[in-house]
S.K.: 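Below you'll find the structure I mean.
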Amino acid sequence: KCEDIASSVAQSFTKLYAVDAFGFDRTSDVVIITGSEGYVQYVIGDLREHGFENIAVWYDITSFGDLAQYVETISILMTGDVSTQSEQMKSLPGSISDALGDTDRRDALCITYSGGDFKVSNAGSLAGSMIIAAGGNAFTVDGSKSSPTYSTSIPNMFADGAHADAVVFV
């Protein structure tokens with residue numbers, strides 16, 4: 001399954017940037033990807049096979065510090081320097097932690113639509129990682145699934161009032 005998804009992603013990149021009309025240079029420009037290790041491994045192989053040379057990979061973002069580091073890395077890749085916003089982010093974890101205190105984690109999920117199917121975020125997805133980093137309970141994270149998103153019955157997730165107060169990102 002990961003192989004099929006990764007191949008589809010790589011082929012989409014290749015089709016989109018096959019012509020230099022967009023000014024994308026596969027030998028010098030950077031492709032930034034995130035996801036589970038199994039997923040990313042196949043995507044990198046296919047991207048390299050299609051001529052992409054600079055691939056930046058970021059796996060799970062499981063804390064606010066990880067998110068700040070991710071923003072800093074992208075800032076450096078895009079501008080060659082650390083942005084003031086990423087520097088400001090580094091000072092926030094203490095104040096966020098203080099503000100949250102012992103507050104219960106709120107259930108949250110991210111729903112996407114691709115390949116004709118609704119999917120939810122899992123470990124390795126940027127959305128799932130950001131929910132966790134923000135102090136939420138990403139209740140769709142399922143360690144038995146290797147894909148960063150997976151198909152499931154959305155109505156069944158909320159059956160019998162389960163997760164009735166969840167925050168839903170679409």
Side-chain angles (χ1 to χ4, degrees), residues 1-17 30-50 52 54-75 77-78 86 89-90 92-93 96-97 100 102-170:
K1 185 86 176 166
C2 280
E3 298 95 343
D4 295 339
I5 295 169
S7 181
S8 175
V9 168
Q11 288 172 14
S12 295
F13 268 110
T14 301
K15 288 176 187 174
L16 182 61
Y17 298 111
V30 179
V31 175
I32 302 169
I33 59 175
T34 185
S36 66
E37 190 169 347
Y39 167 77
V40 166
Q41 140 190 348
Y42 293 108
V43 173
I44 290 173
D46 277 351
L47 286 171
R48 292 220 186 281
E49 193 174 293
H50 287 88
F52 293 90
N54 296 301
I55 304 166
V57 179
W58 203 274
Y59 296 100
D60 292 343
I61 296 173
T62 58
S63 70
F64 191 82
D66 291 347
L67 179 60
Q69 185 62 47
Y70 177 72
V71 170
E72 180 178 295
T73 300
I74 291 174
S75 174
L77 289 171
M78 301 303 292
S86 66
M89 286 180 74
K90 290 180 183 178
L92 291 177
I96 289 174
S97 180
L100 290 175
D102 292 334
T103 306
D104 289 337
R105 289 177 166 247
R106 182 107 181 252
D107 285 349
L109 76 154
C110 178
I111 301 172
T112 61
Y113 184 80
S114 67
D117 202 7
F118 286 99
K119 298 177 182 179
V120 294
S121 57
N122 193 21
S125 73
L126 185 56
S129 297
M130 289 177 65
I131 289 168
I132 294 166
N137 173 34
F139 69 93
T140 57
V141 171
D142 183 343
S144 71
K145 300 183 184 322
S146 62
S147 179
T149 61
Y150 62 91
S151 300
T152 190
S153 170
I154 306 294
N156 286 349
M157 295 176 75
F158 295 97
D160 300 324
H163 311 289
D165 65 343
V167 177
V168 179
F169 299 92
V170 181

S.K.: Does any non-hydrogen side-chain atom of Val43 lie less than 4.5 Å from one of Ile55?
M.R.: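 Counting from C-beta outward, Ile55 and Val43 never come under 4.5 Å.
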S.K.: For Asp165, look at atom CG and say whether over 12 heavy atoms of other residues, nucleotides or ligands are found less than 6.0 Å away.
M.R.: yes
S.K.: In residues 130-141, what donor-acceptor pairs under 3.5 Å come from side-chain atoms, sequence neighbours left out?
M.R.:
residue: Asn137; atom: ND2; partner: Asp107; partner atom: OD1; Å: 2.6
residue: Thr140; atom: OG1; partner: Ser121; partner atom: O; Å: 2.6

S.K.: Counting C-beta onward and ignoring hydrogens, is there a side-chain heavy-atom pair between His163 and Leu109 closer than 4.5 Å?
M.R.: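 No. Closest side-chain heavy atoms not under 4.5 Å.
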S.K.: Out of curiosity, Ile154 CD1 to Ile111 CD1, how far, rounded to the nearest 0.5 Å?
M.R.: 4.0 Å
S.K.: Could you check whether any side-chain N or O of Ser75 sits under 3.5 Å from a backbone N or O of Val71, counting only pairs where one atom can act as donor and the other as acceptor?
M.R.: no
S.K.: Could you list all the salt bridge (Lys or Arg N to Asp or Glu O under 4.0 Å) pairs where at least one residue sits in residues 141-159, not counting sequence neighbours?
M.R.: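 Output for this query lists Asp142-Lys145.
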S.K.: Can you name the nearest heavy-atom pair linking Arg48 to Asn54, along with the distance?
M.R.: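 Taking Arg48 first and Asn54 second, the nearest heavy atoms are NH1-N, 4.4 Å.
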